[in-house]
There are 2 protein chains.
Amino acid sequence: MTGGGPSSNNSSQPEEVCLVCSDISTGYHYGVPSCNGCKTFFRRTIMKNQTFSCQFQGKCPVDKSIRCACRHCRFEKCLQVGMDRNAIQQNRDPIGYTKRTRRYPPIKKVEASDECSPAMVSENDRSEDNFLTLLSSTEQKCCALRLAEYMPSRTLIEAVVSDCLLTDEVFMAEHAILSPRHRVTSLRFANQSDYHYWHERDWFVMIEWAKTLPVFQSLPFTDKLALLRHSAITYPSLVHVFNPPDHGLDTIVFPDGAYFDRTPEPTRPLGFNKKKYQMLDQLLKPMRSMEIDMTEFAAFKAIFFLNPDADDVDSNAKKTLSDGRSAITNALYRYMVKKKGAEDAGDRFGRLLLLGTVLATMAVEMKEAVLVADFFDQIQFSTFAKQLLFGIKTE
Amino acid sequence: MTGGGPSSNNSSQPEEVCLVCSDISTGYHYGVPSCNGCKTFFRRTIMKNQTFSCQFQGKCPVDKSIRCACRHCRFEKCLQVGMDRNAIQQNRDPIGYTKRTRRYPPIKKVEASDECSPAMVSENDRSEDNFLTLLSSTEQKCCALRLAEYMPSRTLIEAVVSDCLLTDEVFMAEHAILSPRHRVTSLRFANQSDYHYWHERDWFVMIEWAKTLPVFQSLPFTDKLALLRHSAITYPSLVHVFNPPDHGLDTIVFPDGAYFDRTPEPTRPLGFNKKKYQMLDQLLKPMRSMEIDMTEFAAFKAIFFLNPDADDVDSNAKKTLSDGRSAITNALYRYMVKKKGAEDAGDRFGRLLLLGTVLATMAVEMKEAVLVADFFDQIQFSTFAKQLLFGIKTE
DNA sequence: CGTCTCGGGTCAAAGGTCGA
DNA sequence: GTCGACCTTTGACCCGAGAC
């Protein structure tokens, strides 16, 4: 370049700056280093012979981010830094025009990443984001399956090794249809068999859901069991809390109209009531207050399911789980930034992850077999559920 | 072919369609082909910072004919199809037609922009950030006190109600000096009395530390006890893990040279070894790998100490705790953004908060008195420690 | 004859308006 | 108050004259 090249300058001053708004300058315009916007703004104002008036006191700051806020002050600033109105050429021969291409090519640049860097979203980020989308759509299928009539009778081992139903299009088309029994016709206080019924359904769906997770698929069989066991109590709770029907901050209604709330049930064991309050106060209320959407819920469920610190998980699996979890965490965070803006995302993300402590607490407490018994009373579980909750005989 | 009009393309593709409501698109808005209505709706929602909630299940269809039926679902759809909130600009100068104009509130604009504008931080943010700085300096005092000789003998109640030593300049100047006993001269495998000794010291410091927290100060006495009890096991663990001397990813060395690592100790109870592994594998390794600094540690400790879900915390205190915790969470997040950049902050923040699940697990498991006994064997605690771990007699 | 700069023109996509 | 058809304004990008 010839020595005076605008950008070659000194290394310390890589870009010249618009004297009007401090944006990056595109060269000298009307005698002043300025950006494209201020250049065009000045020309237009002169050409159209416009006058503006300031809504305030004629002292508005003019900055890249707010340069459009007050045209009067922007134009004043243009003059003040020395833009020369005589450099405007009133009439010129018209020039040919060309059709321009879309400003937004199919790929969106998104992600606010400041202009300085290449700003390309990394390949890795993109695949994590795609996975989040996938998780969300899987979640919808889970909802459908949960409300269907279909309910297999099988052992835990059979459930884990069998092909995944959620990804079986034929099966889903045929069976994943709302059962008439799973519609709210009237509310009634939930009894023991309601709890049983929905827990069995949720465990069934849980395993089908788990089998869609690549990280889960890659684990050895015993680690799969360990994770499932670890989530046996928390998974259904999460599902009950998140899924409709939503009856406010202190009532959980099952899809068939059975419900429970903070009403104490003195005839039940202490452990039962404690569990109930915990779920309502520590999970239901915060989750509903946050108005978590399906994508966030799907991510949340997966993050806490893929727990490297779950009991009996082999140490070889910890790294896999930890990485899988991170991928989802990061995608979730980016999702929240997009949805709520960077400012609120931090708070929201923090709140959601802190709910993990509640889940962890529930998971540990319910490991005490006595509490399980309290919670579910003396009613018999299916073989499947017994194996899930209490382990497989051979152990 | 550039020759064709912008949208006339081929006759087969006459109109582009709004990805939100399937109405006719008027072009790309906020990154997405969309109609005028959805465009304006999106802008207004962001500008006014509105939140909607769905009356149904958050799955309302959004279509030209019914797009106004559920604003929550319409906005969700906008986000889902990829409308970019970063494309929203600041308020512009009104282009007066005839009547007066409406202005939106200042709008918040944060993120990446950093360098350009003063980016006025909100008053609230600033005070949260200041508090974080304070936490960090308090943490340094805690370290000093921990390594001092001074060790009071008092009951739990006396400890909680007495004036805070950490903020007593005179006391600190006189007593917070490194004791010769708390220097590593040589390493030796930790025995039972080493555990005891350091736990007693850490409990002592914990209470002095807690008394510096305004939120803690504002609580009723019984809630203070509940929080302290809840952190009785996890607080010392955190301190052991974070504080020097750092001997790598699987050894904890107390300041006086007593150490422990993954060496199994078959003569000890099972609970003891389990606890040890948990601490080393689930806390020490992740925390040291992350290279947490003192500010982050200080915030982390406070976030998990101020646990609204701790046992026996009165429901009136939950809100206070929750807010106090949020303030720190937010400040911590902003700190990480400043330190690591917006990109890495999400990941780091997530990792740190997820450690909360480990803490929660430890806290619950150790509540079983039998585990406490296992861990500490049969050696006698001080009155103070007994009250802390097992409760005060009157209960 | 390049090629760099700085004039002006263009139009997709921002934001604003106001009757329904 | 919200909605959205219909405005104005913005600015990234283009063309071309003139200087080197």
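Just so it is clear: chains get the letters A, B, ... in the order the sequence lines come, proteins before strands, and each one is counted from 1.
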Participant: Quick one: is A/Arg74 getting a side-chain N or O under 4.0 Å of the D/dG11 phosphate, OP1 or OP2?
Facilitator: yes
Participant: Among residues 31-41 of chain A, which contact DNA chain D at a heavy-atom distance under 4.0 Å?
Facilitator: A/Asn36, A/Gly37, A/Lys39, A/Thr40, A/Phe41
Participant: Go through the structure and list residues passing side chain to side chain contact (heavy atoms under 4.5 Å, CB included) with A/Ile66, not counting sequence neighbours.
Facilitator: A/Pro61, A/Asp63, A/Ala69, B/Gln90
Participant: Closer than 3.5 angstrom, by distance alone: can the side chain of A/Glu296 be matched with the main-chain N or O of A/Asp293 as a donor-acceptor pair?
Facilitator: yes
Participant: Just to confirm, is there a sub-4.0 Å distance from OP1 or OP2 of C/dT5 to any side-chain nitrogen or oxygen of A/Tyr30?
Facilitator: no
Participant: If the plane angle is over 60° it's perpendicular, under 30° parallel, otherwise tilted; pick one for A/Phe242 and A/Phe297.
Facilitator: parallel
Participant: Answer yes or no: does atom CD of A/Gln50 have more than 12 heavy-atom neighbours from other residues, nucleotides or ligands under 6.0 Å?
Facilitator: yes
Participant: Would you tell me if any nitrogen or oxygen in the side chain of B/Lys48 comes within less than 4.0 Å of OP1 or OP2 on D/dG1?
Facilitator: no
Participant: Taking the six-membered ring for Trp and the full ring for Phe, Tyr or His, determine whether the centres of A/Tyr259 and A/Phe254 are under 6.0 Å apart.
Facilitator: no
Participant: Does a side-chain N or O of B/Arg92 approach OP1 or OP2 of C/dA14 to a distance below 4.0 Å, or not?
Facilitator: no
Participant: Select one nucleotide: of C/dG15, D/dC3, C/dA13, the one nearest the side-chain heavy atoms of B/Ile95.
Facilitator: C/dG15
Participant: Does OP1 or OP2 of D/dT2 have a side-chain N or O of B/Gln50 closer than 4.0 Å?
Facilitator: yes
Participant: What is the separation between atom NZ on A/Lys64 and atom C1' on C/dA14, rounded to the nearest whole Å?
Facilitator: 13 Å
Participant: Regarding A/Arg43, tell me which of base, sugar-phosphate or nothing describes its non-hydrogen contacts under 4.0 Å with the strands shown.
Facilitator: base
Participant: Test for a donor-acceptor pair under 3.5 Å between the base of C/dG9 and the side chain of A/Arg44, counting only N and O atoms.
Facilitator: no
Participant: Below the 4.0 Å mark, does D/dG4 have OP1 or OP2 next to a side-chain nitrogen or oxygen of B/Arg67?
Facilitator: yes
Participant: What is the distance from CE of B/Met47 to P of D/dT2, rounded to the nearest Å?
Facilitator: 14 Å
Participant: List the residues meeting salt bridge (Lys or Arg N to Asp or Glu O under 4.0 Å) with B/Asp323, not counting sequence neighbours, and say none if there are none.
Facilitator: B/Lys319
